[in-house]
Amino acid sequence: MAAFALPVLSELSFRRELGLEPPLPEEARPFNALSLSLHSGLPVETILKLSAFDVIDGPHDYPFRDISVAREVRRFLDTGTPLQSVLQTGADLRARGVRLTSALTETPWGALAGVHGDDYVGIDGQLELRLCEPRLRFEEVFDAAADAEAEGDLDEAQRLYRMAAELDHQNGECLFNLGNVLSSIGRTDDALVAFLAAAVRDRDIAADAFYNAAILHRRAGSSEKAEGLYGAALRADPGHADARHNLALLLSAQERFSEAIGLWDALAGEGKADARRQAMFCRLQLRSKTIGAA
């Protein structure tokens, strides 16, 4: 008889299937186990184990917040913390009525911990530390991150922007700034995730976030992805002149002159320097091709 494997459901997933737990919240869940593995550096097998113990959501699709959880788990595994201890932390928090996915945060002293009431629960599932100061406020952490960025301390800035993102799951500006910092220190893949997460969180900055992500793809030589993101920026804000300009340049470089003309004409109508000449160049190229084909 041929062997087959049944999908592994976590305890909470199984209880949801039975209607004993509320369904997962409606939110963007763009990652599967493989893509989450690529973004976090954890093996797919470890991702599935974290999902099976409800450390992250799953079992098939994962939200943006699980990237930060998976990366923090990897950081602890890299320093020698056994995976069993990470899973034990999740079990310990579940027994207290709190899930590690929603409770995982970074303490003021830089360690990973779960939160339960006014306690930090250590990653070993045993240590509990009473908070000796009021709970951190988003505005204070965000301002400290912005100060660190302005002073050129980018490692500290990205750490604080991550903390701010955990303190306010609705704020997209902290993720947008995080993307800029990560881009500055050469962590392009992480910056792309931050920009796309910012676009999902905050429609007001979605166009700029898509635009920045497009720039990173263009620098990496991925013109197709850059084109799609320039388009996303223009759908989010049809008046985004920088996205229109860069998309026109990309199309012109690919000799897609008939598509570029409309963009150059729009830029010329806005008084953008050199746009009228670019539009004329596209028309001349099209006319030349027409004559050559005759």
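What you see below is based on every heavy atom in this structure, not just the backbone, and it leaves out hydrogens, waters and symmetry mates.
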Closest heavy-atom pair, Leu234 versus His240, reported as atoms and distance to 0.1 Å, is CD2-O, 3.5 Å
What's the verdict on side chain to side chain contact (heavy atoms under 4.5 Å, CB included) for Ile215 and Leu229, showing C-alpha distance, side-chain angles and the deciding distance?
CA-CA 9 Å; Ile215 292 293; Leu229 286 164; over 6 Å; no
Keeping the roles fixed (side chain from Arg244, backbone from Pro238), state whether a donor-acceptor pair exists under 3.5 Å.
yes
For His169 and Glu166, work out which heavy atoms get closest and say how close.
NE2-O, 3.0 Å
Drop me the distance from His217's NE2 to Tyr230's OH, to the nearest 0.5 angstrom.
10.5 Å
Can you confirm whether Asp155 sits close enough to Arg159 that some side-chain heavy atom of one is under 4.5 Å from a side-chain heavy atom of the other?
no
Can you check whether Ser40 reaches Arg71 side chain to side chain, under 4.5 Å on heavy atoms?
yes
Could you grab the distance from atom CE of Met163 to atom CG of Asp168, nearest 0.5 Å is fine?
14.5 Å
I'd like to know whether the aromatic ring centres of Phe195 and Phe210 sit less than 6.0 Å apart in this structure.
no
For a quick test of reading the model, state the closest non-hydrogen atom pair linking Leu48 to Ala33 and the distance between them.
CD2-CB, 4.0 Å
Give me the atom names and distance for the closest heavy-atom approach of Ala243 to Ala233.
CB-CB, 3.9 Å
Side-chain heavy-atom pair Asp202, Asn171 within 4.5 angstrom cut-off
no
Check: Leu42 main-chain N/O paired with Thr46 side-chain donor or acceptor under 3.5 Å:
no
Yes or no on side chain to side chain contact (heavy atoms under 4.5 Å, CB included) for Glu156 and Glu151, after CA distance, side-chain angles and deciding distance?
CA-CA 10 Å; Glu156 178 68 2; Glu151 294 167 3; over 6 Å; no
Evaluate side chain to side chain contact (heavy atoms under 4.5 Å, CB included) for Asp189 paired with Val193, printing each intermediate quantity in order.
CA-CA 7 Å; Asp189 289 343; Val193 172; 6.0 Å; no
Decide yes or no for Leu251 and Glu227: does some side-chain heavy atom of the first lie under 4.5 Å from some side-chain heavy atom of the second?
yes
Which heavy atom in Ser223 sits nearest to a heavy atom in Gln254, and how many Å separate them?
CB-NE2, 3.6 Å
Are the charged groups of Arg218 and Glu224 less than 4.0 angstrom apart, N to O?
no
Separation between CG of Leu178 and CG of Leu154, rounded to the nearest 0.5 Å
11.0 Å
Side chain proximity check, Glu149 to Tyr161, heavy atoms < 4.5 angstrom
yes
Qualifying residues under salt bridge (charged side-chain N to carboxylate O under 4.0 Å, His left out), relative to Arg187, sequence neighbours excluded
Asp190
Side-chain donor-acceptor pair present, Asn212, Asn180, cut-off under 3.5 Å:
yes
Working for side chain to side chain contact (heavy atoms under 4.5 Å, CB included), residues Phe142 and Glu173
CA-CA 9 Å; Phe142 182 90; Glu173 187 178 2; 3.7 Å; yes
How close do Ala191 and Ser183 get, heavy atom to heavy atom, and via which atoms?
CB-N, 3.7 Å
To the nearest 0.5 Å, what is the distance between CG (Asp242) and CG (Leu247)?
12.5 Å
Is the closest basic N to carboxylate O distance between Glu45 and Lys49 below 4.0 Å?
yes
Tyr211: partners by side chain to side chain donor-acceptor pair (under 3.5 Å), with sequence neighbours left out
Asn246
Establish whether Leu196 and Leu216 are linked, either directly or via other cluster members, by ILVMFWY side-chain heavy-atom contacts under 4.5 Å.
no
How about Arg162 and Val181: do any of their side-chain heavy atoms sit closer than 4.5 Å?
no
Out of curiosity, Asp153 CG to Asp147 CG, how far, rounded to the nearest 0.5 Å?
11.0 Å
To the nearest 0.5 Å, how far apart are SG in Cys174 and CG in Leu160?
11.5 Å
Indicate, with yes or no, if Leu38 and Leu192 share a hydrophobic cluster defined by side-chain heavy-atom contacts under 4.5 Å among Ile, Leu, Val, Met, Phe, Trp and Tyr.
no
Is Phe138 reachable from Phe176 through a run of I, L, V, M, F, W or Y residues, each pair having side-chain heavy atoms under 4.5 Å apart?
no
